[in-house]
Amino acid sequence: MTSPEALVREHTVYACVMGSRAFGLATEGSDTDRRGVFLAPTPLFWRFEKPPAHVEGPAPEQFSWELERFCSLALRTNPNVLECLHSPLVERIDDTGRELLALRDAFLSRRAHRTFVRYAEGRRRKLEADVRLHGAPRWKHAMHLLRLLASCRDLLRTGSLVIGVGRNRDHLLAVKRGEVPWPEVERRMTRLVAEADEAVSRSPLPADPDLARVEDFLTRVRRASAL
């Protein structure tokens with residue numbers, strides 16, 4: 001059986017940098033988070049022991065998904081996966097990876113409202129628990145939650161997912177430094193959720209992702225790999 005690390009090294013179709021560096025929020029000492037997609041050769045699926053759906057490593061801060069798992073999560077509008085397709089920092093890509101990027105719009109739908117907001121609600125509850133226990137949230141996590149909510153609102157309004165924070169950088173970094181009082185951060189989170197709720201009914205996004213396009217892509221890629 002091919003090792004998980006070898007699958008990433010030899011069969012990656014798309015790799016990018018994510019996290020603060022992709023969002024435009026990097027500061028001195030920021031980590032470099034790498035994410036990728038690998039295509040496990042089709043014959044490996046004919047064995048009882050199947051290839052892994054994801055692999056951590058082999059480099060530090062590196063995480064990769066097998067193509068089918070990645071597409072499945074993207075069709076469910078998983079925020080972390082969708083954002084990978086829109087990173088401005090692409091480190092590795094082949095023809096299959098370029099086809100994957102060309103499908104970015106097929107994964108986008110109004111379902112993003114539910115998944116992004118639900119994810120944000122879970123993160124916010126953890127921040128509120130930190131405030132109760134320690135008197136303050138983890139400010140870095142609060143910053144990234146504000147960024148995610150703004151991204152969700154703008155996606156619903158425009159139909160396009162943009163992960164760079166642009167002119168909001170200074171404000172978000174002030175949150176990360178703890179310079180914005182927690183009640184004000186909470187108010188901004190609540191406002192962003194309300195704006196996303198308002199945007200969804202008029203969104204240019206389709207109600208559902210284009211499953212047929214994605215499935216056709218995956219079938220063609222699997223067949224080509226088998227040959």
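Worth saying up front: this structure is predicted, and the values here are computed from it rather than measured.
Ion pairing of Glu179 with Arg177 is present here, as a side-chain N (NZ or NE/NH1/NH2) and a carboxylate O approach within less than 4.0 Å. In this structure, Arg34 does not pair ionically with Glu61, as no charged nitrogen and carboxylate oxygen lie closer than 4.0 Å. A salt bridge does not link Arg98 with Asp94: every distance from a Lys NZ or Arg NE/NH1/NH2 to an Asp or Glu carboxylate oxygen is 4.0 Å or more. A salt bridge does not link Arg21 to Asp33: none of the charged side-chain nitrogens sits closer than 4.0 Å to a carboxylate oxygen. With respect to the salt-bridge test (charged N to carboxylate O, under 4.0 angstrom), the residues Glu5 and Arg9 do not qualify. Ion pairing between Glu184 and Arg187 holds under the 4.0 Å rule for side-chain N and carboxylate O. Between Glu83 and Arg147 there is a salt bridge, since at least one side-chain N of the basic residue sits less than 4.0 Å from a carboxylate O of the acidic one. Under 4.0 Å is where a charged nitrogen must lie from a carboxylate oxygen, and between Glu198 and Arg153 no such pair does.
Side chains of Arg220 and Thr96: no donor on one and acceptor on the other come within 3.5 Å. For His141 and Asp130, the side-chain atoms include no donor-acceptor pair closer than 3.5 Å. Under 3.5 Å, the side chains of Arg223 and Thr219 contain no donor-acceptor pair of N or O atoms.
Although no hydrogens or angles enter the test, the distance criterion places a donor-acceptor pair under 3.5 Å between the side chain of Arg104 and the main chain of Leu85. Side-chain atoms of Ser87 do not come within 3.5 Å of backbone N or O of Val90 as any donor-acceptor pair. A donor-acceptor pair under 3.5 Å links the side-chain atoms of Ser225 to the main chain of Thr42, judged by distance alone. At least one donor-acceptor pair closer than 3.5 Å links the side chain of Ser203 to the backbone N or O of Leu156. The backbone N or O of Leu205 lies less than 3.5 Å from a partner atom in the side chain of Arg110, making a donor-acceptor pair.
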**Asked** side chain to side chain donor-acceptor pair (under 3.5 Å) between Thr115 and Arg111: does it pass, once the steps are laid out?
**Response** CA-CA 7 Å; Thr115 54; Arg111 292 184 186 181; over 6 Å; no
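For the atom pair OH of Tyr14 and CD of Glu91, the computed distance is 10.0 Å after rounding to the nearest 0.5 Å. For the atom pair CG (Leu67) and OG1 (Thr12), the distance works out to 11.0 Å, reported to the nearest 0.5 Å. With rounding to the nearest 0.5 angstrom, the CG atom of Leu149 is 11.0 Å from the OH atom of Tyr119.
The aromatic rings of Phe63 and His54 lie parallel to each other, their planes meeting at an angle below 30°, with 60° marking the opposite boundary.
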